[in-house]
Number of protein chains: 2
Amino acid sequence: MADGGEGGVTLEQVAREAGVSPSTVSRILNGTANVRDAKVRAVQAAIAKLRFMPNAAARALAGGRSMSIGVVIQAIDSPFYGEALAAIEKALLRAGYSVLFVSGRWREDDERRGIDHLVSRRVDGIILVTSCLPDAELQRLSRALPVVLTGRALPGERLHCLDTDAVPGARLATEHLIAQGHSRIAFISGPVDHPDARQRLEGYRAALRAHRIPRVPQLVVEGDYSDACGTALTPEFLKSLSSTAVCPPATGPVKRARARSTEGTRGFADG
Amino acid sequence: MADGGEGGVTLEQVAREAGVSPSTVSRILNGTANVRDAKVRAVQAAIAKLRFMPNAAARALAGGRSMSIGVVIQAIDSPFYGEALAAIEKALLRAGYSVLFVSGRWREDDERRGIDHLVSRRVDGIILVTSCLPDAELQRLSRALPVVLTGRALPGERLHCLDTDAVPGARLATEHLIAQGHSRIAFISGPVDHPDARQRLEGYRAALRAHRIPRVPQLVVEGDYSDACGTALTPEFLKSLSSTAVCPPATGPVKRARARSTEGTRGFADG
DNA sequence: CTGTTAGCGCTTTCAA
DNA sequence: TTGAAAGCGCTAACAG
């Protein structure tokens with residue numbers, strides 16, 4: 001398979017070429033033991049000459065670790081999750097791990113199937129960037145292998161969570177606009193059945209309430225996270241703002257905030 | 001590892017539980033041969049009872065195929081490539097393949113490292129959604145394993161290319177606007193050192209030339225594909241259009257075209 | 001139709 | 001410091 005011949009160079013061939021035993025080559029490859037310098041050099045030369053690349057499947061089978069991590073993303077065609085995947089991939093590859101990617105598409109079944117696939121692949125751990133599955137199922141999964149979960153906080157020995165404070169986050173964002181003197185503040189929410197989206201809306205409302213600003217139903221529209229500008233900013237909505245100034249999507253601090261913890265929460269205000 | 005005990009249920013345990021030989025279980029799993037109905041049922045029951053999930057590494061080692069495909073994407077934090085990855089993942093998973101994802105980040109070295117990683121993982125094939133590597137290197141790679149390449153057309157036995165006609169594509173898009181009666185047509189190009197971007201610009205110019213429309217340098221700006229709206233549409237640029245109507249980014253046929261073959265090519269015209 | 005027998009390529013005791 | 005040998009869990013001839 002590899003560049004050399006047809007089915008891939010094996011560790012044994014390297015050993016023969018270098019005049020040592022397979023175990024010695026393995027030791028050098030893994031730094032498992034000290035090997036005489038001359039042999040190290042001989043082996044390295046053989047590896048280079050034969051263009052040897054260790055067979056990951058064999059390693060996984062013999063060693064018990066696959067050196068691969070499963071990453072579940074709901075919708076990869078979204079810059080938000082794309083950024084996450086890119087960062088994960090970068091860190092993992094640098095650490096020598098492979099990234100097995102599966103997409104959940106916000107559907108329980110798809111996600112479940114994907115996870116089963118990963119488990120069968122014997123990944124050493126799973127990263128769930130937002131999950132649709134019920135708490136209990138995730139906790140059960142984490143008993144089988146280490147799990148990293150974002151967007152939810154759950155107890156569990158090998159269940160590591162990474163969550164954001166959605167309510168306070170949205171409230172902070174809203175209060176930022178209020179502090180600037182705005183009082184007609186619009187809110188593009190995520191899908192109403194999305195827990196995060198709901199919490200953010202709650203934060204927005206809390207801010208208004210705290211500052212005794214009346215709610216205007218028309219100022220709250222439902223987006224879908226995928227392209228807030230295109231989906232939610234219908235001509236009707238824009239007209240309903242009856243404003244002279246609208247923050248352009250790609251500038252100012254609000255945009256940055258979106259990329260962090262208040263995704264989907266954006267404020268528009270009349271001058 | 002799997003849900004049951006600790007290190008994963010093996011095919012042999014299933015065989016014992018069902019009172020058959022390991023090969024029979026394997027045959028049922030792979031549909032490699034006809035097995036008496038009673039045994040099939042017994043095995044299926046054992047599989048369900050033990051929650052058996054075949055060890056992919058062992059399968060790969062024994063069978064010679066890893067049932068996994070490597071996918072190289074340059075910048076996943078871009079809806080354009082995100083969409084591609086999503087589609088690839090969906091089709092591959094359905095076919096029983098795993099997706100090993102690596103990101104190239106538009107850097108030759110990163111891409112090369114990623115490909116080596118994939119080869120070592122013994123993927124059954126590699127999909128390169130745009131590559132930075134020289135032709136010869138890709139052709140060499142395709143001698144080691146099947147390769148699918150987008151954005152370039154190269155000859156090669158196991159090198160399958162998927163390319164778009166950048167010049168005619170951009171020309172068509174431009175002529176579409178011309179046909180609508182527009183004559184001041186702006187062009188947001190990709191990075192000028194990107195072959196595709198150059199070809200598209202060429203197509204745009206060809207259209208203008210063919211229709212004897214003079215080029216206006218200010219109407220051509222350089223974007224970076226990552227967020228054309230934000231990067232290229234500077235206030236200065238928008239002002240230079242001195243127009244009353246600008247196609248909104250997310251509506252109309254131009255948007256669709258972008259998602260297909262003329263990404264980065266967008267027309268703006270004065271009423 | 002089904003069991004037995006070899007490995008796949010690597011890691012890892014266990015001796016030397 | 002190093003080699004020999006025994007698997008890891010599964011597939012694939014090869015006989016019955």
Side-chain angles (χ1 to χ4, degrees), chain A residues 1-2 4-43 46-47 50-68 96 119-124, chain B residues 1-2 4-43 46-47 50-68 96 119-124:
Chain A
M1 220 179 257
E6 59 111 38
V9 182
T10 73
L11 179 149
E12 194 181 342
Q13 293 173 37
V14 172
R16 211 179 344 257
E17 170 80 26
V20 301
S21 80
S23 8
T24 299
V25 177
S26 173
R27 287 182 184 114
I28 293 173
L29 244 43
N30 303 292
T32 312
N34 285 349
V35 175
R36 202 189 309 274
D37 224 51
K39 301 207 171 188
V40 174
R41 257 192 292 281
V43 168
I47 287 177
L50 269 36
R51 297 195 185 306
F52 167 72
M53 307 196 83
N55 180 322
R59 281 182 117 156
L61 186 55
R65 309 193 314 159
S66 67
M67 289 305 284
S68 68
V119 170
S120 189
R121 238 59 232 185
R122 297 298 190 273
V123 293
D124 296 331
Chain B
M1 215 178 259
E6 59 110 40
V9 182
T10 73
L11 178 148
E12 197 182 338
Q13 293 174 35
V14 172
R16 204 169 0 244
E17 170 80 26
V20 300
S21 81
S23 9
T24 298
V25 178
S26 173
R27 285 179 186 115
I28 293 173
L29 244 44
N30 302 292
T32 311
N34 284 350
V35 175
R36 200 189 309 273
D37 225 51
K39 300 207 171 184
V40 174
R41 258 192 292 282
V43 169
I47 288 177
L50 269 37
R51 297 196 186 302
F52 167 71
M53 307 196 82
N55 181 322
R59 282 182 118 160
L61 186 56
R65 310 191 313 160
S66 67
M67 288 305 283
S68 68
V119 171
S120 189
R121 246 48 239 181
R122 296 299 190 273
V123 292
D124 297 329

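For clarity, every value in this text was computed on a predicted model and none was experimentally measured. Per chain, numbering begins at 1; letters A, B, ... match sequence-line order. We use all heavy atoms of the structure for the numbers below, so side chains are in, but hydrogens, waters and symmetry mates are not.
Across the protein-nucleic acid pair, B:Arg59 atom CZ and D:dC8 atom C1' stand 16 Å apart, rounded to whole Å. For the pair B:Ile28 CD1 and D:dT11 C1', the interatomic distance rounds to 15 Å; values are reported in whole Å. For A:Leu61 and C:dG7, the CG to P distance is 17 Å, given to the nearest whole Å. Atom CZ in B:Arg65 sits about 14 Å away from atom C1' in D:dA12, given to the nearest Å. Separating the CG atom of B:Asp124 from the P atom of C:dC8 is a distance of 19 Å, rounded to the nearest angstrom. Counting to the nearest Å, the C1' atom of D:dC10 and the CZ atom of A:Arg121 are 13 Å from each other. Counting to the nearest Å, the C1' atom of C:dT2 and the CZ atom of B:Arg16 are 18 Å from each other. The nearest whole Å value for the distance from the CG atom in A:Asn30 to the P atom in C:dG9 is 17 Å.
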Between the protein and nucleotides 13-16 of chain D, list the N/O to N/O atom pairs that are separated by less than 3.5 angstrom.
unit_1 : atom_1 : unit_2  : atom_2 : d
D:dA13 : N6     : B:Arg27 : NH2    : 3.3

List the atom pairs, with distances to 0.1 Å, where a side-chain N or O of residues 27-36 of chain B and a protein N or O form a donor-acceptor pair under 3.5 Å, not counting sequence neighbours.
unit_1  : atom_1 : unit_2  : atom_2 : d
B:Asn30 : OD1    : B:Arg59 : NH2    : 3.0
B:Asn30 : ND2    : B:Ser26 : O      : 2.7
B:Asn30 : ND2    : B:Ser26 : OG     : 3.3

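In the set D:dG3, D:dC8, C:dG3, the nucleotide with an atom closest to the side chain of B:Ser21 is C:dG3. Nearest to the side-chain atoms of A:Ala62 among the listed nucleotides D:dG3, C:dT11, C:dT2 stands C:dT11.
Scanning all heavy atoms of the two residues, the minimum distance from A:Arg121 to B:Gly96 falls at NH1-O, 4.4 Å. The two atoms that bring A:Ser21 and A:Ala15 nearest to each other are C-CB, 3.8 Å, heavy atoms only. Smallest separation of non-hydrogen atoms from B:Val119 and A:Met53: CG1-SD, 3.7 Å. The nearest pair of heavy atoms linking A:Ser66 to A:Ala60 is CA-CB, 3.7 Å. For the residue pair B:Gly8 and A:Arg122, the shortest heavy atom distance occurs at CA-NH2, 4.5 Å. For the residue pair A:Phe52 and A:Val9, the shortest heavy atom distance occurs at CD1-O, 3.4 Å.
Counting any heavy atom pair closer than 4.0 Å across all strands shown, B:Pro54 reaches sugar-phosphate atoms only and no base atom.
Bending across the helix from C:dC1-D:dG16 to C:dA16-D:dT1, expressed as the angle between its end axes from five pairs apiece, amounts to 30° (10° rounding).
Comparing B:Ala33 and A:Val25 against DNA chain C, the residue whose closest nucleotide sits nearer the 5' end is B:Ala33.
Identified under the side-chain hydrogen bond (donor to acceptor under 3.5 Å, both in side chains) test for residues 10-19 of chain B, with sequence neighbours left out: B:Glu17-B:Lys49.
In this structure a side-chain-to-backbone donor-acceptor pair under 3.5 Å is present from B:Ser120 to A:Pro54. In this structure, the side chain of A:Asp124 engages the main chain of A:Met67 through a donor-acceptor pair within 3.5 Å.
Within residues 34-42 of chain A, the residues having any heavy atom closer than 4.0 Å to DNA chain D are, in order of number, A:Asn34, A:Val35, A:Arg36, A:Lys39.
Atom-to-atom distance recorded for B:Ser23:OG and B:Leu11:CG is 8.5 Å, nearest 0.5 angstrom.
OP1 or OP2 of C:dG3 has at least one side-chain nitrogen or oxygen of B:Thr24 nearer than 4.0 Å.
B:Arg41 is linked by a side-chain hydrogen bond (donor to acceptor under 3.5 Å, both in side chains) to B:Asp37, counting only residues two or more places apart in sequence or in another chain.
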